[in-house]
Amino acid sequence: MATATAPRPYRPADREALIDICVRAGHEGGEARPYYPDHELLPSIFAEPYAVLEPELAFVVENGGRAVGYVLGTADTAAFARRFRQEWLPRVAARHPAPAGPPATPAEVMRDLLHRPERMVLGELDAYPAHLHIDLLPGHQRQGHERRLMAAYLDALRARRVSGAHLGMVTANTPARAFHDRLGFHEIPVADPGPLTYLGLRLDRPGPSVR
């Protein structure tokens, strides 16, 4: 059986695998398809726009020639939110229209998020301008690939002299919280965080190694 490779840069040919990973690992690290009838909805929010708008910050690990995990993100959340609205949203808005009223289903909640990219910009996170998403297929989790992917992403941020990175994770996903704690991330208090916990890592000062 083939083993997953070291992280490599994302390629456009990885798009189908990227979508598959996002859907199969997008619900607290597990299968999201039962919750979202359109399987391209989650990737249209949390995966594809990053690969399209900032491919230089997207990395994958592959198994048997196919990507089985990724990390992707942006170096500047405020700039990314602007580009999301101007460049990405017009591509997908017709397929995923905004809800007509208050979101009532999981899919409507996600479509609402899609149409509000400015939600990503929070004043409490200004010292951590980058943000990221990391996912691996269930059969490839907890084998060290998460750590190697994070190292590749954070090295790319440090090369750009980015001061810090953050992520928003579902509070109920306790295994993911333990992983990020081990890497040196710490909780950042945010007003009205909803179901999320925000974690940050300063990159402009010494801290634990992610390798």
Can you check whether Phe84 reaches Leu114 side chain to side chain, under 4.5 Å on heavy atoms?
-> yes
Are the side chains of Val162 and Asp76 in touch, meaning some heavy atoms are under 4.5 Å apart?
-> no
Between atom CG of Leu53 and atom CG of Leu72, what is the distance when rounded to the nearest 0.5 Å?
-> 11.0 Å
Of all heavy-atom pairs linking His115 and Ala93, the shortest is CE1-CB, 3.8 Å
Taking all atoms of both residues into account, what is the closest heavy-atom pair of Ala127 and Ser163, and its distance?
-> O-OG, 3.3 Å
Derivation and outcome, salt bridge (charged side-chain N to carboxylate O under 4.0 Å, His left out), residues Glu87 and Arg83 = CA-CA 5 Å; Glu87 301 175 41; Arg83 294 190 65 194; 2.9 Å; yes
Measure the CG-CG distance between Asp135 and Asp20 for me, rounded to the nearest 0.5 Å.
-> 11.5 Å
Answer yes or no: is there a side-chain heavy-atom contact under 4.5 Å between Leu199 and His166?
-> no
If you take all heavy atoms of Ala81 and Val121, which pair is closest and at what distance?
-> CB-CG2, 3.9 Å
Would you sort out whether Val52 and Arg91 count as a side chain to side chain contact (heavy atoms under 4.5 Å, CB included), showing the intermediate values?
-> CA-CA 11 Å; Val52 170; Arg91 302 188 189 193; 3.6 Å; yes
Is Ile21 close to Leu136 at the side-chain level, that is, under 4.5 Å between some pair of heavy atoms?
-> no
Hey, could you give me the CG/CD1 distance between Leu132 and Ile134, rounded to the nearest 0.5 Å?
-> 7.0 Å
Nearest heavy-atom neighbours spanning Pro49 and Pro43 = CD-O, 3.5 Å
Give the C-alpha distance, both sets of side-chain angles, the deciding distance and a yes or no for ring-ring contact (aromatic ring centres under 6.0 Å, His included) between Phe185 and His180.
-> CA-CA 6 Å; Phe185 281 80; His180 289 104; 5.4 Å; yes
Taking side chain as C-beta onward, heavy atoms only, is Leu196 less than 4.5 Å from Met169?
-> no
List the steps, then state whether side chain to side chain contact (heavy atoms under 4.5 Å, CB included) holds for Leu154 with Arg158.
-> CA-CA 6 Å; Leu154 296 175; Arg158 288 189 177 98; 3.7 Å; yes
Quick one: do Leu57 and Val71 satisfy side chain to side chain contact (heavy atoms under 4.5 Å, CB included)? Show the steps, please.
-> CA-CA 8 Å; Leu57 288 177; Val71 64; over 6 Å; no
Spatial distance of atom CG (Leu18) from atom CZ (Phe46) [nearest 0.5 Å] | 13.0 Å
If every non-hydrogen atom of Ala165 is compared with every non-hydrogen atom of Leu157, which pair is closest and at what distance?
-> CB-CD1, 3.8 Å
Main-chain N/O of Pro195 paired with Thr171 side-chain donor or acceptor, under 3.5 Å | yes
Do Glu56 and Arg160 sit within salt-bridge range, that is, some charged N less than 4.0 Å from a carboxylate O?
-> yes
Sub-4.5 Å side-chain heavy-atom contact between Val68 and Val61 | yes
Does the distance from a Lys or Arg side-chain N to an Asp or Glu carboxylate O, for Asp14 and Arg8, drop under 4.0 Å?
-> yes
When the ring centroid of His186 is compared with that of Tyr128, is the distance short of 6.0 Å?
-> yes
Heavy-atom check, side chain of Tyr198 versus side chain of Glu187, under 4.5 Å | no
Check Ile188 against Glu124 and note the closest heavy-atom contact, atom names and distance.
-> CG2-O, 3.8 Å
Contact check, side chains of Asn173 and Thr197, non-hydrogen atoms, under 4.5 Å = no
Is Val109 linked to Val23 within one hydrophobic cluster, defined over Ile, Leu, Val, Met, Phe, Trp and Tyr using a side-chain heavy-atom separation of less than 4.5 Å?
-> no
Aromatic ring centroids of His131 and Tyr50 under 6.0 Å?
-> yes
Kindly determine whether Glu118 and Arg82 satisfy salt bridge (charged side-chain N to carboxylate O under 4.0 Å, His left out), including the steps that lead there.
-> CA-CA 8 Å; Glu118 294 78 16; Arg82 291 192 295 271; over 6 Å; no
Report yes or no: does Arg111 contribute a side-chain atom to a donor-acceptor pair with the main-chain N or O of His96 at less than 3.5 Å?
-> no
Spell out, as yes or no, whether a donor-acceptor pair under 3.5 Å connects the side chain of Arg119 to the backbone of Leu113.
-> yes
Dump the intermediate steps for side chain to side chain contact (heavy atoms under 4.5 Å, CB included) on His133 and Leu167, then the final yes or no.
-> CA-CA 7 Å; His133 298 281; Leu167 58 93; over 6 Å; no
So, the side chain of Trp88 versus the backbone of Ser44: is there a donor-acceptor pair under 3.5 Å, distance only?
-> yes
Rounded to the nearest 0.5 Å, what separation is found between the OH atom of Tyr153 and the CZ atom of Phe59?
-> 9.5 Å
Do side-chain atoms of Arg15 reach the backbone of Ala51 as a donor and acceptor pair under 3.5 angstrom?
-> no
